[in-house]
Amino acid sequence: MTAPERKPMTLHRLRAMHAAGEKLAMLTCYDASFARVLDEAGVDLLLIGDSLGMVLQGRDSTLPVTLDDMVYHTQCVARGNRWAWIVADLPFGSYHASVAQGIDSAVRLMQAGAHMVKLEGGGWTVPLAAALVERGIPVCGHLGLTPQSVHALGGWRVQGRDDRAAARLRQESRELADAGVAMMVLELMPSALGAELAEALPMPLIGIGAGPGTAGQVLVLHDMLGLTGGRVARFVRNFMAEGGSIADAVRRYVAAVKDGSFPDPALHGY
Ligand code: KIV
């Protein structure tokens with residue numbers, strides 16, 4: 001859609017797009033310059049992911065990222081953005097102590113310019129998700145490989161492979177849905193399970209390494225631009241290798257998510 005026709009994204013419109021079967025394109029974003037480029041290239045949702053700890057700060061996990069870091073980068077993204085829906089991660093330790101702590105942290109992210117906050121994990125996060133929704137703060141869940149629990153999960157592994165683990169993900173996703181979360185990210189799980197959850201739940205589920213059956217896709221910006229050093233996950237596609245500029249690479253990503261050609265289960269699936 002060209003700029004003059006575009007309207008700022010709302011939860012209502014995201015739901016309508018999902019109901020109409022339009023795939024949602026999300027990318028991580030951490031500053032105002034990239035926010036402008038991604039927004040103008042047609043990305044529907046910008047995620048200020050705590051992955052910034054790894055791709056901006058050079059750390060080996062997301063655990064050291066602070067709430068102040070997230071507030072700062074959310075402010076930067078909000079200044080560069082015009083139309084996209086902004087989701088900000090609650091970082092490790094900013095919602096683990098109590099529901100009250102999680103509410104205070106979410107308020108800071110919303111005041112920094114987020115439209116929605118994302119929290120990782122199921123079970124213990126459900127009361128917080130419900131309390132946020134009750135207070136008018138839209139919530140995105142995050143299940144599967146949850147990087148803030150990487151040490152408990154034994155590394156960056158595909159989740160939900162066996163029956164018990166898959167059953168647990170089904171239950172956790174249902175509980176988060178009942179708590180009122182408006183969206184969920186599914187990370188690193190078999191494509192069949194990603195598709196099953198997306199079919200079973202009413203809200204849009206955004207996949208990363210969860211196959212083509214979800215309502216939308218998200219990638220870490222630096223991964224899809226080929227800026228990540230070392231080994232890159234199987235679910236990543238380097239769109240920069242196919243485009244002549246960052247804006248072109250992002251437009252290709254949006255087009256590939258919308259027409260369903262990314263992810264390709266043969267290349268990017270589990
Ligand atoms: O922090 C992040 O970038 C994320 C995505 C990988 C979904 O949570």
Side-chain angles (χ1 to χ4, degrees), residues 24-31 34-35 38 43-67 69-74 76-77 84-95 105-106 109 114-122 125 129 139-150 153 155-159 169 173 176 181-189 194 197-198 203-211 214-225 227-228 231-237 250 253 257 262-263 268 270:
L24 304 175
M26 182 189 222
L27 280 176
T28 68
C29 186
Y30 316 104
D31 67 34
F34 271 108
L38 270 50
V43 175
D44 300 307
L45 305 104
L46 303 179
L47 170 64
I48 301 98
D50 59 0
S51 52
L52 68 85
M54 301 173 80
V55 297
L56 298 190
Q57 299 174 341
R59 302 179 188 276
D60 60 8
S61 81
T62 60
L63 273 63
V65 176
T66 66
L67 183 59
D69 292 335
M70 295 304 301
V71 166
Y72 170 76
H73 287 283
T74 301
C76 295
V77 169
W85 180 255
I86 297 179
V87 186
D89 269 346
L90 282 163
F92 181 69
S94 74
Y95 58 109
S105 301
L109 293 176
H115 301 133
M116 170 180 254
V117 298
K118 178 161 83 56
L119 45 76
E120 293 188 9
T125 61
V139 178
C140 178
H142 183 156
L143 293 176
L145 188 278
T146 44
Q148 292 173 12
S149 311
V150 64
L153 296 175
W156 309 90
R157 295 158 178 275
V158 179
Q159 302 296 305
L169 285 171
S173 60
L176 282 169
V181 309
M183 197 180 295
M184 258 181 249
V185 166
L186 300 183
E187 181 165 355
L188 212 53
M189 64 181 62
L197 297 180
M203 78 284 297
L205 305 194
I206 312 289
I208 173 164
T214 52
Q217 299 291 327
V218 56
L219 282 178
V220 170
L221 177 66
H222 292 54
D223 287 347
M224 60 80 73
L225 292 179
L227 294 173
T228 310
R231 204 170 141 261
V232 180
R234 175 184 164 88
F235 58 74
V236 172
R237 175 166 147 193
V250 174
Y253 167 75
V257 169
F262 174 77
H268 311 113
Y270 297 94

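Numbering of ligands and ligand atoms starts at 1, following listing order.
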Residues Asp69 and Gln57: side-chain donor-acceptor under 3.5 angstrom
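Present: a donor and an acceptor within the cut-off.
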Out of all atoms in ligand 1, which are within 4.0 Å of some heavy atom of [X]? Include the element for each.
X      : value
Asp50  : 1 (O)
Gly49  : 1 (O), 2 (C), 3 (O)
Lys118 : 4 (C), 8 (O)
Asp89  : 1 (O), 2 (C), 8 (O)
His142 : 8 (O)

Do Pro147 and His142 have side chains that approach each other closer than 4.5 Å (heavy atoms only, starting at C-beta)?
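A side-chain contact under 4.5 Å exists here.
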Donor-acceptor pair, Thr62 side chain versus Gly53 backbone, under 3.5 Å?
no
Tell me if a side-chain donor or acceptor on Thr228 pairs with a main-chain N or O of Asp223 at a distance below 3.5 Å.
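The answer is yes, because a donor-acceptor pair under 3.5 Å joins these two groups.
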What protein heavy atom lies closest to atom 5 (C) of ligand 1? Include the residue and the distance to one decimal.
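Looking only at protein heavy atoms, the one closest to atom 5 (C) of ligand 1 is Leu47 CD2, 3.7 Å.
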What residue and heavy atom of the protein are closest to atom 2 (C) of ligand 1, and at what distance?
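Result for atom 2 (C) of ligand 1: Ser51 OG, 3.3 Å.
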So for ligand 1, is Glu120 a polar contact partner (N or O within less than 3.5 Å, distance only)?
no
Are any of the N or O atoms of Thr28 closer than 3.5 Å to those of ligand 1?
no
Only one of His268, Gln217, Met224 passes side chain to side chain contact (heavy atoms under 4.5 Å, CB included) with Arg237, and that residue is His268
With under 30° as parallel and over 60° as perpendicular, where do the rings of Tyr30 and His73 fit, or are they tilted in between?
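Because their plane-to-plane angle is over 60°, the rings of Tyr30 and His73 count as perpendicular.
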Please lay out, stage by stage, how Leu205 and Met184 fare under the test side-chain contact (heavy atoms from CB on, under 4.5 Å).
CA-CA 5 Å; Leu205 305 194; Met184 258 181 249; 3.4 Å; yes
Once you restrict to heavy atoms under 4.0 Å, what part of Thr62 touches ligand 1? Side chain, backbone, both or neither.
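Thr62 to ligand 1: no contact under 4.0 Å from either part.
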